[in-house]
Structures are given as C-alpha cells and as structure tokens.
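Order of listing sets the numbers, starting from 1, for every ligand and every atom in it.
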Amino acid sequence: MRLPSTPSFRLDGKRALVAGASSGIGLACATALAEAGAEVTLAARRKDALTECARALANNGWRANVLQLDVADLGAVRAEVEAAEPFDILLNAAGLARHSPALETTPADFDAAMAVNLRGAYFLMQAVARRLIETGRPGSLITISSQMGHVGGQDRAVYCATKHAVEGMTKAMAIEWGRHRIRVNTICPTFILTDLTRPTFDDPAKRSWIEEKIKLGRPGEVEDIMGAAVYLASDASAMVTGSSLMVDGGWTAD
Ligand SMILES: NC(=O)C1=CN([C@@H]2O[C@H](COP(=O)(O)OP(=O)(O)OC[C@H]3O[C@@H](n4cnc5c(N)ncnc54)[C@H](OP(=O)(O)O)[C@@H]3O)[C@@H](O)[C@H]2O)C=CC1
Ligand SMILES: O=C(CO)[C@@H](O)[C@H](O)[C@@H](O)C(=O)O
C-alpha cells in the first residue's frame, strides 16, 4: 500500500522578502523562513537594526540580505522589487498602531496608519505579484493582519479599519491571482509581546483584559507566529488561498 506523502514545509531554493523585519513578529517570521531554507531579504526603515538581524541569521548559517525600505514610499517599493530577482514569498509585517478614541482621531494619525498598514501592504503585494506573473513563477504572499481584522477593539477604530481592509483585499487578490499560482493569505495574531504592544501590556488593566480574553490564558509571543509563517509560505499549504489563519489563542472564538 502506498501511503500519501506529507507535503514539504521546507523552503530551500526560495527567495523571501520580509517587510518589517527589523523587530518583533517580522524578525521572528524571517528567522523561521530562513531556518526552513529560504534566502531572506530583511526590509524596513532602520538599516542598523536590519544589519544586526541579518548578522544574527548569518551566524546561524542562514542566508539573509538587507534592504532599507519605507513601505509607504510607493516609488521605492516598485523600484526595489522590480530591480530584484523575483521573490517567491512575501511576508509583510510592516505596521504601526496609534490608538485613540474614535472621536479624537486626527487626520494625520488616520493617514499614517493607512499609508503603512494598508497602502503599503497593497502595493508591496502588487509589486511582488507583478514580478511573479512576468516570470511565470508561483508564489505565496502573506500579510500579518490581526485578530482586529475580524473584530473591533476599544480605541482602535483606525487600526481595525486598516486590518479589516487587509482581509478584504487579500480575498480579492487571491481570486485574481490564483490562476497564476500565486496564493494570498493573512496571519491574524492576538496580542503579542513586542515593541508595538509594550504600552498596552504596561497598563495592568489592559494586560488583565488581554489575559482574560485569550482563552489559552497567556499573551502571545513572537514564536507563536513562526509556524504559521512557514506553513503558509510552503507547499504544506498548497491549496490554501484567500484565508485568514487565526493565531489568536481563541480570542475570536466566541
Ligand atoms: N504585536 C501584536 O500584538 C500584533 C501585531 N500585529 C501586526 O504585526 C505587525 C508587526 O508588529 P510588531 O512586530 O508587533 O511590531 P514592531 O513594532 O516590533 O514591528 C513593526 C515593524 O514594522 C516596520 N515598519 C514600520 N513602519 C514601516 C515602514 N513605513 N516601512 C517599512 N517598515 C516599517 C518596523 O521597522 P522600522 O521601524 O525599522 O521601519 C518594524 O520592523 C504589524 O503589522 C502589527 O499590526 C498584529 C497583531 C498583533
Ligand atoms: O493587533 C493587535 C492585537 O490584536 C495589536 O497590534 C494591538 O492592537 C496593538 O496595536 C495594541 O493595541 O497595543
């Protein structure tokens, strides 16, 4: 009897662009993709931080390059992606969060969140997908969205708007690019301990709220996202597109 063979989680020979790789979830995902065999290009604005991250990956024998890039700068996004060899994998973790009650949101804060979380995510995917389609290669595009792309959050109307929009565009792009063998998915984390969430976790009331809402009873850590990144990047998820992979400890289960 011939048993089915488990599809590979390995990424040998693949090139991955990881945006927002200078810290937090992006760095964790870049590490996971590199450990799985991909050559990773670490992109973000802070070049020194990226260089340090790339050195740490190289010290483990993994392949990493650095690309200083502001994802809100569409000209730069297009130029850099067009100039590079096509990326088989895009993992976009570039993001920001400036929270305020909806009655107090300023246009500047609204525009800043849209420029990075939404517009940046959109045009990065467009640029990477164009190169893949030009060269006839399959690909996997992954955005770090959020559980807040599926539910609301107190004082987080703008952030929720960007993440709900990311969920919508992911589905639409999956429909358009499936015939080119390009898969488009999101990972939707719960609250993960990073620089972004430090102010939230430093507030005891908010920390209690988080621990109560997460059914598994603990905040997330960046390591919790790494398996999801490798799964969605690899052939293990070959039939998965237009999906949101909830890594939320059960936050959205009720
Ligand atoms: N932490 C959490 O609880 C959760 C986070 N998320 C999402 O995960 C993503 C990563 O967040 P997290 O790791 O927590 O936060 P961090 O602040 O640690 O990481 C944010 C990353 O985005 C990069 N970045 C920000 N602005 C830009 C820009 N204009 N161009 C390029 N890179 C940029 C930063 O690098 P640099 O400053 O060098 O440019 C950094 O690498 C975000 O999209 C966030 O919304 C989702 C759910 C939960
Ligand atoms: O998406 C998130 C949690 O699901 C986080 O990024 C938070 O919203 C974060 O921005 C915070 O509130 O501290």
Side-chain angles (χ1 to χ4, degrees), residues 17-31 41-54 66-77 80-81 90-100 109 111-121 123-124 142-167 186-203 205-207 209-211 213-214 218-226 228-229 244-252:
L17 174 60
V18 182
S22 57
S23 60
I25 293 171
L27 174 58
C29 291
T31 304
T41 296
L42 309 178
R45 293 165 303 173
R46 287 172 294 152
K47 195 164 186 192
D48 290 352
L50 290 172
T51 304
E52 198 184 325
C53 296
V66 164
L67 172 62
Q68 187 173 28
L69 182 68
D70 180 345
V71 302
D73 180 344
L74 296 193
V77 166
E80 294 292 353
V81 173
L90 168 66
L91 190 141
N92 177 25
L96 59 82
R98 293 182 194 166
H99 301 310
S100 61
D109 281 350
D111 290 346
M114 292 292 160
V116 177
N117 297 6
L118 179 53
R119 198 160 159 268
F123 288 102
L124 251 183
I142 306 158
T143 308
I144 305 298
S145 173
S146 171
Q147 64 184 14
M148 300 286 178
H150 295 264
V151 295
Q154 174 80 35
D155 297 340
R156 286 163 173 76
V158 175
Y159 184 80
C160 286
T162 64
K163 298 298 184 177
H164 276 70
V166 163
E167 294 299 313
T186 63
I187 296 173
C188 298
T190 189
F191 281 87
I192 308 286
L193 289 158
T194 65
D195 294 345
L196 188 89
T197 49
R198 201 170 311 286
T200 304
F201 278 108
D202 283 349
D203 179 330
K206 288 182 182 146
R207 192 179 176 110
W209 167 64
I210 291 167
E211 285 170 355
K213 288 280 286 181
I214 297 178
R218 66 163 176 87
E221 294 168 3
V222 294
E223 287 81 359
D224 292 318
I225 312 301
M226 296 168 81
S244 314
L245 178 44
M246 308 306 295
V247 187
D248 68 353
W251 183 296
T252 59

How are the rings of H150 and H164 set relative to one another: parallel (under 30°), tilted (30 to 60°) or perpendicular (over 60°)? tilted
E221, CD: over 12 other non-hydrogen atoms inside 6.0 angstrom: yes
Counting only heavy atoms not in D48, do more than 12 fall under 6.0 Å of its CG? no
When the ring planes of W209 and F191 are compared, do they come out parallel, tilted or perpendicular, using 30° and 60° as the limits? perpendicular
Residues in ring pair (Phe, Tyr, Trp, His ring centres under 6.0 Å) with F123, at least two apart? none
Whether the Q147 and T252 side chains hold a donor-acceptor pair (N or O, under 3.5 Å, no angle test) is what I'd like checked. no
Within the 4.0 Å heavy-atom sphere of ligand 2, strictly under, residues: A97, H99, S146, Q147, M148, R156, Y159, P189, T190, F191, L196, T197, T200
SG on C29 to CG on L91, rounded to 0.5 Å: 4.5 Å
List, pair by pair, the atoms of ligand 1 and of the protein that are both N or O and lie under 3.5 Å apart, giving the separation rounded to 0.1 Å.
from     : atom 1 : to   : atom 2 : distance (Å)
ligand 1 : 1 (N)  : I192 : O      : 3.2
ligand 1 : 1 (N)  : T194 : OG1    : 3.2
ligand 1 : 3 (O)  : T190 : O      : 3.4
ligand 1 : 3 (O)  : I192 : N      : 2.7
ligand 1 : 3 (O)  : I192 : O      : 3.4
ligand 1 : 13 (O) : I25  : N      : 2.8
ligand 1 : 14 (O) : T194 : OG1    : 2.6
ligand 1 : 18 (O) : S23  : OG     : 2.9
ligand 1 : 19 (O) : S23  : OG     : 3.3
ligand 1 : 22 (O) : G95  : N      : 3.4
ligand 1 : 26 (N) : R45  : NH2    : 3.3
ligand 1 : 29 (N) : D70  : OD1    : 2.8
ligand 1 : 30 (N) : V71  : N      : 2.9
ligand 1 : 35 (O) : S22  : OG     : 2.8
ligand 1 : 37 (O) : R45  : NH2    : 3.0
ligand 1 : 37 (O) : R46  : NE     : 3.0
ligand 1 : 38 (O) : S22  : OG     : 2.9
ligand 1 : 38 (O) : R45  : N      : 3.4
ligand 1 : 38 (O) : R46  : N      : 3.0
ligand 1 : 38 (O) : R46  : NE     : 2.8
ligand 1 : 39 (O) : R45  : N      : 2.9
ligand 1 : 39 (O) : R45  : NE     : 2.7
ligand 1 : 39 (O) : R45  : NH2    : 3.4
ligand 1 : 41 (O) : G20  : O      : 3.1
ligand 1 : 41 (O) : S22  : N      : 3.3
ligand 1 : 41 (O) : S22  : OG     : 2.8
ligand 1 : 43 (O) : K163 : NZ     : 3.0
ligand 1 : 45 (O) : Y159 : OH     : 2.6
ligand 1 : 45 (O) : K163 : NZ     : 3.0

Report the distance from atom CG of L245 to atom SG of C188, rounding to the nearest 0.5 Å. 7.5 Å
How would you list, by chain and number, every residue that makes a salt bridge (Lys or Arg N to Asp or Glu O under 4.0 Å) with D70, sequence neighbours excluded? none
